[in-house]
Amino acid sequence: MHYVSTRGGMAPIGFAEAVLMGLATDGGLLVPERIPRVSTETLQRWSSLRFQDLAFELMTLFVDGAVPAPDLRDLIERSYASFAHPEVTPVVDVAGLRILELFHGPTAAFKDVALQFLGNLFAYLLERDGGTLNICGATSGDTGSAAIYGVRGKPRISIFMLHPKGRVSPIQERQMTSVLDANVHNIAVRGSFDDAQRLVKELFNDLPFKSEFSLGAVNSINWARILAQMVYYVYAWGQVSGGDPEHGVSFSVPTGNFGDVFAGYLVKQMGVPINRLIIATNRNDILTRFVNTGVYALGEVYQTLSPAMDIQIASNFERYLYFLFDGQPERVRERLDALRRERRLEVDASDLARVRHDFDAVAVSDPETLAQIRQTEAVSGYILCPHTAVGVAAGGAREDVICLATAHPAKFNAAIWQAIGRDAPLPPPLQGLMDLPTRCLELEADAATLKAHMRDTLASV
Ligand SMILES: Cc1ncc(COP(=O)(O)O)c(C=O)c1O
Ligand SMILES: N[C@@H](CCOP(=O)(O)O)C(=O)O
């Protein structure tokens with residue numbers, strides 16, 4: 001299996017190179033050259049596998065020998081050993097509503113599913129093939145702590161993690177800034193998540209800088225993130241359907257950077273019986289407007305009660321355009337040029353029909369989010385995190401739906417308090433964080449300043 005750029009300006013590369021490269025050298029995103037279809041028999045067999053064994057089988061199709069099978073198995077087993085639930089990502093019944101709990105990892109958010117694996121994969125590849133990696137990432141709260149946890153203290157790796165100052169929850173901030181390992185560097189950027197993400201892309205697009213400092217990516221621009229996230233869609237389908245190929249399910253997915261729901265889209269393309277993928281957004285509804293009108297138009301970023309989704313520029317949308325346009329990079333480039341020039345891009349009626357063949361989209365306001373948390377708690381005692389509540393409000397009424405629970409509610413207790421007048425109890429990974437010492441630097445949202453900081457920091461170690 002080879003990987004190509006969505007913008008077509010690169011020769012195909014293998015899995016290991018794609019993982020270490022992060023962003024393609026032409027500024028595009030790396031995608032597999034084809035999506036393998038799986039047979040009904042394979043799906044039936046997969047449906048009874050434990051999570052780790054399913055991960056091995058699914059990933060093998062895309063890793064394609066770049067990591068020998070015993071090593072891949074070992075990486076997977078070690079990555080999910082830190083999860084608190086034996087099923088890793090269980091599907092639970094909440095008063096008739098199916099919830100796919102993705103928050104049993106060490107930082108209590110769905111990012112752990114991919115980032116504990118990616119941290120171990122980076123360490124494995126660097127140890128095997130030599131070299132060092134300086135990770136540069138942007139976070140609206142959850143990617144940061146999961147990535148930091150995944151690589152803290154690991155030899156050959158440093159991490160520079162940018163979060164928008166004052167726009168992540170207090171616990172999320174502490175989860176990152178209380179990690180004092182010498183290879184962890186937290187930066188609070190004066191601006192929004194989009195500013196932080198733009199800075200990261202600017203650094204990756206400065207190819208001499210990228211190569212001099214061996215930059216690595218932990219955001220969902222890294223293909224391995226998407227790959228690891230594909231596993232739980234198949235696992236959840238298997239749990240609910242018992243492997244019956246006639247038993248289709250839909251997924252409601254709280255969406256910001258389009259990474260999570262894009263993983264679901266790929267799984268659907270592989271032949272897993274998925275009826276609808278519901279894109280659930282908060283007031284930052286650029287993706288919902290796209291599905292409903294065919295126009296992807298940038299606006300301003302609003303702060304909401306589901307802050308991890310306060311995003312305008314959904315980085316994986318480019319990967320989706322590539323597949324929507326049947327792998328024609330010139331069409332992707334043409335639309336991205338329009339987006340740069342006019343702050344909007346549009347797809348034609350036939351493409352929009354294809355979008356709607358796979359996706360529904362619903363935007364959920366803060367009052368609706370609070371009402372959903374309140375209502376679910378009232379009927380079941382179960383507390384939804386505000387992002388999960390957006391997904392439940394958007395898709396929970398469908399009979400075939402599985403709602404993705406993307407974070408533990410205690411990460412967002414200000415919103416939980418507003419909804420139900422009490423906090424969600426802190427699970428073990430979140431206890432005691434507010435008493436720990438912290439380290440974090442504040443910087444302007446400026447690429448030159450960030451580069452200088454990385455240069456100085458790396459020169460001093
Ligand atoms: C809790 C939570 N829910 C949902 C999302 C949105 O996921 P994605 O950016 O992959 O669409 C995020 C951030 O990515 C998140 O942290
Ligand atoms: N919501 C995310 C934003 C970054 O998204 P990613 O999936 O591209 O890493 C976060 O929690 O940081």
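Order of appearance sets the numbers: ligands from 1, and atoms from 1 within every ligand.
When non-hydrogen atoms are compared, ligand 2 lies under 4.0 Å from neither the backbone nor the side chain of M309.
Listed by chain and number, the residues in a side chain to side chain contact (heavy atoms under 4.5 Å, CB included) with A393 are V364, Q372 (sequence neighbours excluded). Qualifying side chain to side chain contact (heavy atoms under 4.5 Å, CB included) partners for T25, counting only residues two or more places apart in sequence or in other chains: M10, M21, L207.
Aromatic pair F110/F103: ring centres not closer than 6.0 Å. Checked against a 6.0 Å centroid threshold, the rings of F160 and H185 count as neighbours. In this structure, Y235 has its ring center closer than 6.0 angstrom to the ring center of F51.
Checked by distance only, ligand 2 and Q197 stay at 3.5 Å or farther apart across all their nitrogen or oxygen atoms.
Sorted by chain then number, the residues whose non-hydrogen atoms approach ligand 1 to under 4.0 Å are F110, K111, D142, P254, T255, G256, N257, F258, G259, D260, A308, M309, H387, T406, A407.
Heavy-atom contacts of G141 reach the following atoms of ligand 2: 10 (C), 11 (O), 12 (O) (cutoff under 4.0 Å). Proximity to D142 (heavy-atom distance under 4.0 Å) selects the following atoms of ligand 2: 10 (C), 11 (O), 12 (O). Atom numbering of ligand 2 starts at 1 in the shown order; those under 4.0 Å from a heavy atom of T143 are 2 (C), 4 (C), 5 (O), 6 (P), 7 (O), 9 (O), 10 (C), 11 (O), 12 (O).
Distances from atom 5 (O) of ligand 2 to the heavy atoms of N257, I311, N316, V200 put N257 nearest.
Between the side chains of E318 and T6, at least one donor N or O lies within less than 3.5 Å of an accepting N or O.
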Extract all donor-acceptor atom pairs below 3.5 Å that involve side chains of residues 414-434 and protein atoms in other chains or at least two apart in sequence.
| from | atom 1 | to | atom 2 | distance (Å) |
| --- | --- | --- | --- | --- |
| R422 | NH2 | E377 | OE2 | 2.6 |
| Q431 | NE2 | L426 | O | 2.8 |

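Here the closest heavy-atom approach between residue I157 and residue A123 is recorded as CD1-N, 4.0 Å.
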